[in-house]
Amino acid sequence: MLTDEIIEKIKNSLIKDPRFSDLDFSNLSLSIPRNKDHGDFSTNFAMISSGSLKSKPIDLAEEMLVLLKQSQDSFFHDITVEKPGFINFVISKEIYQGYLADVLLKGVNFGSGPKNNKKVLIEFVSANPTGLLHLGHLRNAAVGDSVARILKFSGYDVVKEYYVNDYGNQVRLLGESLKERVLEKLNLVFNIPEGGYKGDYLIDVAESLLMTKDSESIMKEENSFFSNFAINYLTEEIEKDLKDLDITFDSWYSEKKKIHDSDSVINIKKLIQSVGGLYKKEGAEWIKTSDYGDNDDWVVTKSNESSTYFMNDIAYHHDKFDRGFDKIINVWGADHHSHISRLKASMKLLSNDLTKLDFVLIQFVRLIKDGQDVSMSKRSGTYTTIKDMLNEFNKDLVRFMMVSRSSDSHFDFDLDKCREGSDDNPIFYIQYASARINSILNKDDLNKHDMESANLALLTEEKEIGLIKKILSFPDTVEEASNTMSPHKVAFYLQELAAIFHSYYKNTKVLVEDDELSKARVLLLSSIKIVLINGLNLLGVSSPERM
RNA sequence: GCGCCAGUAGCUCAGCUGGAUAGAGCAAAGCACUUCUAAUGCUUAGGUCGGGGGUUCGAAUCCCUCCUGGCGUACCA
């Protein structure tokens with residue numbers, strides 16, 4: 001990466017002076033100044049070193065400047081010092097041009113990090129299979145999948161997992177509710193039980209069930225038959241919806257099979273017991289999470305001897321650690337934030353390494369239409385489903401909108417402003433850039449150009465250098481997005497890149513009479529296209545050839 | 001009450017491991033299509049970064065406190 005090379009050069013220059021050789025160079029960082037007069041890159045290294053060296057920042061910067069200039073090759077076009085102690089660098093155009101040639105070579109891999117042999121488990125969505133996916137799951141799905149894509153691109157070995165909550169009271173209630181819907185379909189008296197599932201979708205499930213065999217034998221079945229049918233049906237629907245969003249999972253982790261059909265819970269309880277983390281009170285069994293950083297203790301075994309949801313979650317997460325991942329990420333809705341501290345405490349109690357455990361909290365999205373919140377359907381009292389959303393808006397738009405804001409920020413999704421052709425629709429803006437590039441690249445006889453021989457030194461316009469700089473900062477953006485698990489950083493980056501491109505496009509003709517110049521500009525455009533495709537792909541958004 | 005997230009331009013939001021004159025899109029006002037796609041570009045205007053203290057060379061960013069909004073605070077899952 002360009003920034004790595006710059007840092008390396010600075011370090012090599014400074015380290016020659018015994019005065020600086022003991023400095024902590026891991027603090028040496030670059031930033032891109034807002035103000036163009038401050039160069040391409042800037043470092044505050046002199047300022048942050050002034051404490052330990054007991055000198056004024058500005059004096060240190062001047063001393064460093066001398067060293068930097070001594071060993072200067074043609075890499076830096078200019079190095080200057082500004083008060084109160086910034087050192088600013090202008091990189092030679094040739095260096096930029098050289099790096100640009102590299103982008104085409106790397107192609108789909110441009111921006112990616114080297115394989116780091118670290119295994120990541122990322123669990124997201126994990127909606128209960130007692131209903132259809134709705135708006136509340138959408139942001140979680142989009143963010144989770146994008147984080148997974150970004151981590152993979154950065155070099156991690158990523159496993160995407162969906163925890164299927166196919167066990168417990170709710171499953172029984174689901175079966176009972178379905179049975180009633182079957183009765184309804186048979187025009188018999190029906191009554192959905194207290195706390196049951198009243199949504200319309202179970203009518204569809206009932207219809208589907210009635211196709212499988214005659215109603216008489218269906219009604220003879222036990223409740224578990226209905227439960228199983230509903231769970232299977234709804235899980236399939238969920239999988240289908242996710243597929244429509246271009247989201248697939250590597251692992252569907254069944255609570256029933258993995259946790260309850262095995263001795264997992266019993267074993268974990270023994271484990272907790274063995275470190276004295278379990279005690280009885282008021283007929284229930286409690287875990288001493290308060291000894292491990294949580295504010296309270298929690299019930300793990302109810303007085304009716306069944307395990308709580310929390311206990312199952314402990315078993316599940318302990319298993320995640322057992323499976324040998326280097327990083328375990330949970331993408332949770334913000335309404336689950338209170339579970340974090342108790343889960344962490346219980347994992348600590350079981351001697352798991354908490355530094356491996358990470359959370360992405362997703363704040364709520366509201367759907368706005370005509371200035372009104374329409375997240376909740378007035379008619380049925382249920383949330384807008386993902387199916388409804390995808391009926392009205394394409395997948396690219398929906399996914400982009402869901403990752404275009406920091407996930408810990410509340411966010412209003414205004415439907416009216418996202419319609420096709422709307423000016424307030426950034427995804428079209430980005431895709432349009434890609435389409436415009438294609439339309440140029442598709443012109444005849446460009447393929448005959450031998451790109452490797454393009455003379456990039458001809459790219460001298462300010463906007464061209466600006467584009468190259470932006471392209472070359474893509475790997476840094478990916479790295480940052482990866483480190484902070486923040487897809488929105490990629491989304492913002494792409495909008496900025498598209499903006500510079502559109503401006504350039506308007507201002508400068510690419511295919512000109514001068515073949516050599518055309519060739520160089522075509523190469524620049526090809527590089528932009530690569531970045532747009534790679535970046536959009538990280539967000540699960542396509543790059544149409546034409547619009 | 002306690003906990004988590006948020007409060008930045010009229011609106012939706014970036015910027016938050018402290019950096020230089022606080023940004024983008026939309027909306028507003030005005031321009032530019034005989035041109036490789038106008039789903040575009042170019043101007044202009046728009047701010048007590050919720051309030052108040054503190055930390056320091058420097059605070060939207062860190063600390064304290066208060067205010068406002070959202071969410072959570074089960075022997076449900």
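A note on names: the letters A, B, ... follow the listed sequences, proteins ahead of strands, and every chain is numbered from 1. Note that the structure is a prediction, hence the values are computed from the model and not measured.
Note: NE2 (A/H38) to P (B/U21) measures 8 Å, nearest angstrom. Atoms CD1 (A/I231) and P (B/A77) sit 14 Å apart, rounded to a whole Å.
In this structure, A/K281 places its NZ atom where more than 12 heavy-atom neighbours from other residues, nucleotides or ligands lie under 6.0 Å away.
For A/E461, the side chain to side chain donor-acceptor pair (under 3.5 Å) test picks out A/T508, A/R521, with sequence neighbours left out.
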What would the secondary structure line of RNA chain B be in dot-bracket form, counting Watson-Crick and G-U wobble pairs under 3.5 Å, with [ ] for pairs that cross earlier ones and | for pairs with another strand?
(((((((..((((.....[...)))).(((((.......))))).....(((((..]....))))))))))))....
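Regarding the sugar-base torsion, B/C33 falls in the syn class, its angle being within 90° of 0.
A/Y253 pairs with exactly one of A/Y162, A/Y316, A/Y167 by the ring-ring contact (aromatic ring centres under 6.0 Å, His included) rule, that one being A/Y316.
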Working note: A/H502 + A/Y432, criterion ring pair (Phe, Tyr, Trp, His ring centres under 6.0 Å); need CA distance, chi angles, decisive distance, verdict.
CA-CA 9 Å; A/H502 282 306; A/Y432 186 48; 5.6 Å; yes
Between A/L104 and A/S527, does the side-chain contact (heavy atoms from CB on, under 4.5 Å) criterion hold? Intermediate values first, please.
CA-CA 6 Å; A/L104 276 189; A/S527 306; 4.1 Å; yes
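As judged by a 4.0 angstrom heavy-atom cut-off over every strand, A/D166 is placed among residues making no nucleic acid contact. Residue contacts shown for A/E82 include a base, since a base heavy atom lies under 4.0 Å away.
Phosphate contact (OP1/OP2 of B/G41, side-chain N/O of A/Y429, threshold under 4.0 Å): present. Here A/K83 does not reach the OP1 or OP2 of B/G58: none of its side-chain N or O atoms lies under 4.0 Å away. Distances shorter than 4.0 Å separate some side-chain N or O of A/R436 from OP1 or OP2 on B/A38. Taking 4.0 angstrom as the limit, A/K344 places none of its side-chain polar atoms (N or O) nearer than this to OP1 or OP2 of B/C4.
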Heteroatom pairs (N/O) under 3.5 angstrom, protein to nucleotides 42-44 of chain B:
| residue | atom | partner | partner atom | Å |
| --- | --- | --- | --- | --- |
| B/C42 | OP1 | A/S503 | OG | 3.1 |

Please tabulate, one pair per line, each protein N/O and nucleotide N/O from nucleotides 14-19 of chain B that are separated by under 3.5 Å, including the distance.
| residue | atom | partner | partner atom | Å |
| --- | --- | --- | --- | --- |
| B/A14 | OP1 | A/S406 | N | 2.8 |
| B/A14 | OP1 | A/S409 | OG | 3.4 |
| B/G15 | OP1 | A/H488 | NE2 | 3.0 |
| B/G15 | OP1 | A/K489 | NZ | 3.4 |
| B/G19 | N7 | A/N44 | ND2 | 3.1 |

Do any N or O atoms of the protein come closer than 3.5 Å to N or O atoms of nucleotides 67-69 of chain B, and which pairs are they?
| residue | atom | partner | partner atom | Å |
| --- | --- | --- | --- | --- |
| B/G69 | N2 | A/H410 | NE2 | 3.3 |

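Salt-bridge formation is detected for the pair A/K469/A/D40: a Lys NZ or Arg NE/NH1/NH2 atom is positioned less than 4.0 Å from an Asp or Glu carboxylate oxygen. A salt bridge does not link A/K288 to A/D297: none of the charged nitrogens lies less than 4.0 Å from a carboxylate oxygen. Remark: A/E161 does not engage A/K320 in a salt bridge, criterion side-chain N to carboxylate O under 4.0 Å.
Using bins of under 30°, 30° to 60° and over 60° for the plane-to-plane angle, the ring pair A/F393/A/F413 lands in the tilted bin.
Between B/G3, B/A77, B/G41, one nucleotide has an atom nearer to the side chain of A/H339 than all others, and that is B/A77. In this structure, of B/G72, B/A39, B/G41, it is B/G72 that holds the atom nearest to the side chain of A/D335.
Contacts between residues 308-318 of chain A and RNA chain B, defined by a heavy-atom separation below 4.0 Å, involve A/T308, A/Y309, listed by number.
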